[in-house]
Structure formats: structure tokens, C-alpha cells
Amino acid sequence: MPELPEVQSVVTGLNKILPNKTIKSVEVFWQKTIATPAVETFQKKLTGLKIKEVARRAKFIVMTFESGEILLTHLRMSGQFSWHQELPSENAKHLRVRFLFTDNSVLDFMDTRKFARMYLFQNLKEAEEKALYKLGAEPLEIKALEFREIFRAKKGNIKGNLLRQDLVSGVGNIYADESLFLAKIHPTSLTHKIPKAKFTELHQVLQGILRKAIKRNGTTVNTFLNINGEAGGFRDELQVYKQEKAACPNCGNLIQKIRLGSRGTHFCATCQKKYL
DNA sequence: AAAGTAGCCTGGAAGC
DNA sequence: TGCTTCCAGGCTACTT
């Protein structure tokens with residue numbers, strides 16, 4: 001499941017290849033992948049545009065064109081880009097969108113689960129107003145004090161709040177579970193009952209884990225591959241996520257798995273303190 | 001207002 | 001063995 005580090009890995013790869021390429025045509029194999037505008041408009045508007053750069057905002061891939069248009073892509077569960085020097089002899093499985101460039105290279109977008117979405121906007125202002133405005137601060141940019149203030153008075157459990165993109169953006173299920181384990185906070189802890197110092201700690205371990213995961217090219221749990229077809233190496237570093245029934249690396253007791261807010265949630269009941 | 005949940009989807013795992 | 005059911009989860013929309 002692509003979260004911030006996985007998206008960053010994809011963006012870094014795309015930004016090495018795509019700038020200065022001009023789109024010759026766009027093929028759409030699954031209409032719903034294009035969230036906005038209408039598919040024909042999407043194809044028509046993109047044709048002839050030259051890519052300026054590829055960046056990331058939260059879990060969105062932000063492609064900027066020379067003329068100012070913005071293409072946002074959200075990978076959701078299984079979205080995947082793959083670039084080819086020339087047209088592949090046969091279509092990849094789950095191919096949803098294909099971008100053909102004037103230099104005859106090809107950018108394919110595959111998405112098994114069909115949850116991924118692309119949004120084309122006229123300019124950054126429109127992208128901000130219609131899509132990005134809901135996003136909270138970047139977890140790697142936010143300061144500890146600010147981080148604590150955002151969460152301090154929030155109701156509900158900390159796990160659910162960590163996943164909220166409008167508070168701090170880019171954290172998903174894997175890094176939520178992992179950072180709570182490292183900060184020794186039980187996922188069902190009530191957010192407003194967690195002491196100030198613990199938030200400082202959570203902020204620190206979250207930044208640490210995200211930086212480390214970016215270095216390791218993200219985490220591959222089921223299907224994630226970057227544009228070079230490489231899996232993420234952070235999987236080997238998971239302490240609790242998908243480790244149910246394994247021994248806690250700290251105390252040796254079994255890692256537990258529960259459902260919290262309809263999400264699989266992994267933790268060590270011994271090491272992680274419950275603030276209620 | 002905040003919290004819970006259905007729905008979007010497929011494929012692999014688990015259950016029978 | 002082969003069928004059916006369950007589960008994974010980011011995000012939106014809807015209900016309570």
C-alpha cells in the first residue's frame with residue numbers, strides 16, 4: 001500500500017525520466033481512473049503538453065507541465081507506473097492509462113484494484129482549491145510543537161487520528177502502526193489523554209521511520225513496486241505490521257492484531273501503553 | 001460534530 | 001480438489 005515513502009520512491013524515479021518529455025497521446029483503458037475532467041477532455045488537454053517536473057504532496061504524485069497544468073495521481077492501493085523506452089509488445093495486466101511521448105517512449109499506469117485516480121487541473125491554484133486543500137501538514141516538515149498542537153485536543157483514538165490526512169498527511173496503516181510501536185503508545189489510546197512528551201517522541205520516531213523508509217525505497221507488502229519494478233526494502237524492518245503471532249522484538253510477547261476503525265491494527269500489548 | 005460504515009475493486013488466502 | 005467466503009485498505013459519501 002503506497003504511503004508517503006512509497007509515493008516518494010515513485011516520484012523520485014519519475015522525475016529522473018519525465019521532465020522535458022512531450023505527450024503525443026493518451027490512451028485510457030479504464031474510464032473511472034480519470035476522476036476529472038471527462039476522459040475525452042483529459043486526453044485532448046494533455047496532448048502536446050511538456051512535462052516540467054514531478055513532485056509529491058502527501059500521497060499525491062504532482063506532475064507539473066511547462067504551461068502550468070497540473071496532473072495529480074493518487075495510487076490508492078495498487079496504482080503503479082512503468083516507463084518504457086518504446087511501446088511494449090503486449091499490454092501489461094491491469095493497464096489502465098497509457099501516456100505516449102513524442103520521443104516514442106511510453107509511461108504505463110497499471111492498477112489492479114481500480115481504486116487509483118488521476119485529476120487534471122488548469123493550474124496549481126485550481127489543484128489546491130479542488131483537491132489539495134484538505135491536506136494537513138507534511139509529517140517530515142512539521143515541527144514537534146506544531147505536531148503536538150494538532151493532535152493534543154483531538155477526540156478519538158490516536159491510530160485513527162494519525163491516519164487522518166487533514167491533520168498530518170501521508171501516513172497510512174503501516175507507518176501508523178510502526179510509529180506507535182516505536183513510541184510505545186497503544187493504538188487505542190485516547191488522543192487527548194496522551195502526555196505532551198509522548199507526542200514529541202511520536203513526532204520524532206515518525207520522522208525517523210519515514211526517512212528510513214524513503215532510503216529503503218519504501219515498504220512492499222503485497223504488490224508495491226517503484227517505476228523500475230523494484231520492491232521496497234523496508235519490509236525487512238517492520239516491527240509489528242503484518243507480524244501478528246510473531247514475537248515482539250522488545251519483550252518477546254506475541255504481537256497482536258485487532259480491528260480498529262475497520263483497519264487491521266498491530267501492536268504489542270506489553271510494550272505499548274494505553275492512555276485512557 | 002464526530003464516529004461508524006458501505007462502497008469502490010481484485011486476487012490471494014482461508015475455510016469447507 | 002474445487003468451490004465459496006473473507007480480507008487487504010485509502011478515501012469518499014452517507015448515516016447515526
Side-chain angles (χ1 to χ4, degrees), chain A residues 1-11 28-36 56-62 72-81 91-97 109-119 127 129-136 138-139 150-180 187-193 210 213 218-225 231-232 234-235 238 240-246 255-267 276:
Chain A
M1 300 97 237
E3 302 181 29
L4 189 154
E6 292 74 39
V7 176
Q8 185 60 53
S9 171
V10 172
V11 161
V28 177
F29 301 93
W30 183 254
Q31 308 265 315
K32 279 187 173 179
T33 301
I34 313 304
T36 187
R56 181 190 62 75
R57 171 73 175 98
K59 298 176 197 169
F60 283 96
I61 296 168
V62 184
L72 299 182
T73 302
H74 198 301
L75 303 174
R76 295 282 184 96
M77 308 301 299
S78 58
Q80 206 173 297
F81 278 107
N91 289 356
K93 217 174 175 188
H94 312 304
L95 178 64
R96 309 301 180 204
V97 182
F109 183 71
M110 285 79 68
D111 180 29
T112 309
R113 304 277 292 279
K114 298 179 174 173
F115 285 176
R117 295 291 180 265
M118 292 184 180
Y119 312 76
E129 286 173 358
K130 294 186 176 166
L132 304 176
Y133 70 95
K134 304 172 219 177
L135 297 171
E138 287 284 331
I150 287 172
F151 287 102
R152 202 177 52 84
K154 288 288 173 295
K155 292 184 177 169
N157 64 71
I158 183 63
K159 166 79 184 274
N161 282 326
L162 262 185
L163 292 176
R164 278 179 57 177
Q165 301 299 299
D166 60 331
L167 300 180
V168 165
S169 61
V171 179
N173 212 32
I174 299 173
Y175 300 103
D177 281 4
E178 291 294 313
S179 60
L180 288 173
T188 63
S189 294
L190 294 175
T191 309
H192 65 286
K193 297 281 190 182
L210 290 174
T219 304
T220 297
V221 172
N222 293 318
T223 55
F224 171 77
L225 298 174
F234 196 74
R235 176 170 39 180
L238 296 176
V240 289
Y241 185 79
K242 286 265 165 107
Q243 307 300 310
E244 62 267 29
K245 293 176 191 161
I255 299 296
Q256 299 185 20
K257 181 180 180 184
I258 58 168
R259 282 188 88 73
L260 185 58
S262 75
R263 301 287 174 74
T265 299
H266 314 72
F267 61 95
L276 296 174

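So you know, we letter chains A, B, ... as the sequences are listed, proteins then strands, and number each from 1.
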For [X] and [N], give me the distance from atom [atom1] to atom [atom2], rounded to whole Å.
X	N	atom1	atom2	result
A/Lys257	B/dA14	NZ	C1'	13 Å
A/Asp166	C/dC11	CG	P	11 Å
A/Ile258	C/dC7	CD1	P	15 Å
A/His74	C/dT12	NE2	P	8 Å
A/Leu260	C/dA8	CG	C1'	16 Å

Would one find a side-chain N or O of [X] under 4.0 angstrom from OP1 or OP2 of [N]?
X	N	value
A/Gln165	C/dC11	yes
A/Lys134	C/dC11	no
A/Lys32	B/dC9	yes
A/Lys242	C/dA8	no
A/Arg117	C/dT12	no
A/Arg263	C/dG10	yes
A/Lys114	B/dT10	yes
A/His94	B/dG11	yes

Worksheet item: Can you tell if the side chain of A/Ile258 reaches within under 4.5 Å of the side chain of A/Thr188, non-hydrogen atoms only?
Response: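 Side chain of A/Ile258 against side chain of A/Thr188, heavy atoms only: contact under 4.5 Å found.
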Discussion item. Using modelled atom types and a 3.5 Å cut-off, is there a donor and acceptor pairing between side-chain atoms of A/Asp111 and backbone atoms of A/Leu75?
Written reply: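 Side chain of A/Asp111 to backbone of A/Leu75, a donor-acceptor pair under 3.5 Å: no, none is there.
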Practice prompt. Determine yes or no for a side-chain-to-main-chain donor-acceptor pair under 3.5 angstrom, with A/Arg76 supplying the side chain and A/Ser78 the backbone.
Written response: no
Discussion item. If stacking means aromatic ring centre less than 5.5 angstrom from the base's six-membered ring centre, planes under 30°, is A/Phe115 stacked on B/dC8?
Written reply: yes
Worksheet item: Nearest of C/dG10, C/dA8, B/dG11 to any side-chain atom of A/Arg76?
Response: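 Closest nucleotide among those given: C/dG10.
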